[in-house]
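Some notes on the structure that comes next.
Side chains are part of it too, since the values below use all heavy atoms of this structure and drop only hydrogens, waters and symmetry mates. Note that the coordinates shown come from a computational prediction; the quantities given were computed from them, not determined experimentally. Count residues from 1 along the sequence. When a ligand or atom number is given, it counts from 1 through the structure's own listing order.
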Amino acid sequence: MTTTAPISPVPGATASASAPAPRTASPRSSAELIQAEGATVAHNYHPLPVVVAHAEGAWVEDVEGRRYLDLLAGYSALNFGHRHPALLDAARHQLEQVTLTSRAFHNDRLAGFAEGLCELTGLDMALPMNTGAEAVESAVKIARKWAYEVKGVAPDQATIVVAGGNFHGRTTTLVSFSDDPSARTGFGPFTPGFRTVPYDDLAALEAAIDETTAAVLIEPIQGEAGVRIPADGYLAGVRELTRRAGVLFVADEIQSGLGRTGTTLAVDHESVLPDLLLLGKALGGGIVPVSAVVGRRDVMSVLRPGEHGSTFGGNPLAAAVGSAVVGLLRTGEFQRRARELGTVLAEGLSALDGRGVLRHRARGLWAGVDVDPAVGTGREISERLLAVGVLVKDTHGSTIRLAPPLTITADELRSALAALERVLAA
Ligand SMILES: *Cc1c(COP(=O)(O)O)cnc(C)c1O
């Protein structure tokens, strides 16, 4: 792996022709930092060889001052781009007031954040947490408690139905119902109480539901699985099935939500309202980890004082940034951008089908691209794109995921697609 390959500028990029001077006078080069990181940071990731030192909007800049278009956007944690001015302002303002109280006390930012989330989603109450995995864990606990207290499931018998190919996070309980060997192997024993059915299969889902079922937990679009989009009618079908069976519908929109697909939520495409909605990633504006369970009042009300919590959940800094995120989404501007830019993305990818791309799936500004293995693995394509100034990440073998910031311009997006075309043709 080398970090010294010359970077040809992305065509149409706004970067000046000559490389700008690095903004940070880092005493160590990218190569030195990568080596030091490898020696001292656990190897739980295999990062592409770029060391980011600065970022703004859709662009990041490495230690040597090379610029790259960011088409991963922190796995959709950066839907509003890097360092969005309104989000930075909200964070800066809050830094001067109060940053942490713990929920032992009230803080003056939490109510507004929760009200904003409820208004944005059409649900009634929010439970603030920090990471996505914590939001999913919280929903598992709420669903189980609801099953015992409201539905009357026998003690310790509650089950939750999940879908094959899911990704819900990395805790021991959440990897218990993953079917990805690298997520599970070596981490047992696993948490019982989960049943897996094929994704996008309503008959299998219906067959898996019985009197012990507390909830159905699915991603409306499976992100890590390669932006897998279910058939039209699936989400409405899940809603109808769960309603009839007296089972909670829990939608994990940690990656699909908050503007990414051209609507506020991916379930909005089928006008479906789940009982519990899980948000994370972009909810923290790329600044702080912020997640939430948002849900129906009668379901959320099964939690009583002392039964669940988080030291940092709902802290004033997180709530201020989260409220600013809700404020950006309230304008509808980002959903509109995702829709409009999504047509540019879809057209660009359609032109590549059969020319290095086997097939692709896209909704809004989000796509999974299955690269022809003859052209290279997903990793190799990602490395070649890096070398021409575009950041993406592979997921599962020969699939790459494109999730540009919703602030990217059409020209920037076209230049990135042109770079992909060149890389696939090379
Ligand atoms: C990223 C992700 C999670 C986990 O979020 P973390 O903040 O990494 O814990 C859960 N569900 C989905 C759908 C995700 O994409």
Do any nitrogen or oxygen atoms of E224 come within less than 3.5 Å of a nitrogen or oxygen of ligand 1?
no
Going by a strict under-4.0 Å cutoff (protein heavy atoms only), does atom 11 (N) of ligand 1 have a neighbour on the protein?
yes
What do we get for F167 next to ligand 1 when only non-hydrogen atoms under 4.0 Å count, side chain, backbone, both or neither?
both
If the test is side chain to side chain donor-acceptor pair (under 3.5 Å), which one of Q335, E253, R363, H269 qualifies with T261?
H269
N/O separation below 3.5 Å, D252 to ligand 1
yes
Can you name the one residue among D370, D372, D353 that meets salt bridge (Lys or Arg N to Asp or Glu O under 4.0 Å) with R359?
D370
What pairs of residues pass the salt bridge (Lys or Arg N to Asp or Glu O under 4.0 Å) test when at least one of them lies in residues 315-338, not counting sequence neighbours?
E119-R330, E333-R336, R336-E340
Ranked by distance from atom 14 (C) of ligand 1, the top protein heavy atom is K281 NZ, 2.9 Å
Among all protein heavy atoms, pick out the one at the shortest distance from atom 9 (O) of ligand 1; state its residue, atom name and that distance to 0.1 Å.
A133 N, 2.8 Å
Honestly, for E219 the part within reach of ligand 1 (heavy atoms, under 4.0 Å) is side chain
Identity and distance of the protein heavy atom lying nearest atom 6 (P) of ligand 1:
G132 N, 3.4 Å
What salt bridge (Lys or Arg N to Asp or Glu O under 4.0 Å) pairs are there with at least one residue in residues 201-213, not counting sequence neighbours?
R195-D210, E206-R244
Do the charged groups of E307 and K141 touch, with an N to O distance under 4.0 Å?
no
